[in-house]
Asks: 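This is the structure I have questions about; it appears just below.
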Amino acid sequence: MLVCSSGSSTSLLVKKMQEAAAKKGIDDVEIFAASQADAKAHYDDVDVLLLGPQVRYLYNELKKSLEGKKLAIDVINSRDYGMMNGEVVLDRALKLIEGKN
């Protein structure tokens with residue numbers, strides 16, 4: 001799950017990540033965007049929460065409040081976000097999934 005203020009700016013990156021996943025033959029991932037207000041409803045259903053750079057200020061608060069849940073959290077690199085580099089962000093998400101187990 002990608003999270004930003006309204007969920008709209010991350011929607012384009014979601015599309016790029018889905019395209020990157022398809023190119024890699026990865027079809028068992030669900031990638032979606034949510035606003036910071038709606039994200040809470042998905043905390044129990046996702047493996048990775050990636051924050052858009054514009055909401056990076058939420059990181060410490062979320063990291064603390066989500067402690068104990070099986071959910072990796074990180075902030076999307078500003079450059080990768082700005083370039084809408086779906087492949088790099090997908091790879092980061094996959095590494096977070098691997099590392100959390």
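Everything numeric in this text was worked out from a predicted model, so none of it was measured.
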Asks: Is L50 close to L13 at the side-chain level, that is, under 4.5 Å between some pair of heavy atoms?
Replies: no

Asks: Given the rule that I, L, V, M, F, W and Y join up when any side-chain heavy atoms are under 4.5 Å apart, are V88 and L90 in one cluster?
Replies: no

Asks: For the hydrophobic clusters of this structure (ILVMFWY residues joined by side-chain heavy atoms under 4.5 Å, transitively), does one cluster hold both L49 and Y59?
Replies: yes

Asks: Looking only at heavy atoms, which two atoms of P53 and S78 are closest? And how far apart?
Replies: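 P53 and S78 have their closest heavy atoms at CB-OG, 3.6 Å.
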
Asks: Do D91 and K24 sit within salt-bridge range, that is, some charged N less than 4.0 Å from a carboxylate O?
Replies: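 Between K24 and D91 there is a salt bridge, with a charged N closer than 4.0 Å to a carboxylate O.
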
Asks: Closest heavy-atom contact between H42 and A34?
Replies: CD2-CB, 4.4 Å

Asks: Taking the side chain as C-beta and beyond, is there a heavy-atom pair between M17 and L2 under 4.5 Å?
Replies: yes

Asks: Linking I/L/V/M/F/W/Y whenever any side-chain heavy atoms sit under 4.5 Å apart, do L12 and V14 land together?
Replies: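 L12 and V14: one cluster.
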
Asks: Mind checking whether N77 and N85 have side chains closer than 4.5 Å, heavy atoms only?
Replies: no

Asks: Under a 4.5 Å cut-off applied to non-hydrogen side-chain atoms, are V3 and L62 in contact?
Replies: no

Asks: First locate atom CG of L66, then atom CD of E61, and finally report the distance between them rounded to the nearest 0.5 Å.
Replies: 9.5 Å

Asks: Just wondering, more than 12 heavy atoms not from M84 lying within 6.0 Å of its CE?
Replies: yes

Asks: As an exercise, state the distance from CG of D47 to CD1 of I73, rounded to the nearest 0.5 Å.
Replies: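 Going from the CG atom of D47 to the CD1 atom of I73 covers 13.5 Å.
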
Asks: Can you tell if the side chain of R56 reaches within under 4.5 Å of the side chain of L51, non-hydrogen atoms only?
Replies: no

Asks: Would you check, one step at a time, whether the test side-chain contact (heavy atoms from CB on, under 4.5 Å) holds for V29 with I97?
Replies: CA-CA 11 Å; V29 295; I97 290 171; 5.8 Å; no

Asks: How close do V75 and G52 get, counting heavy atoms only, and between which atoms?
Replies: CG1-O, 4.5 Å

Asks: For Q54 and C4, indicate whether the former's side chain and the latter's backbone hold a donor-acceptor pair under 3.5 Å.
Replies: no

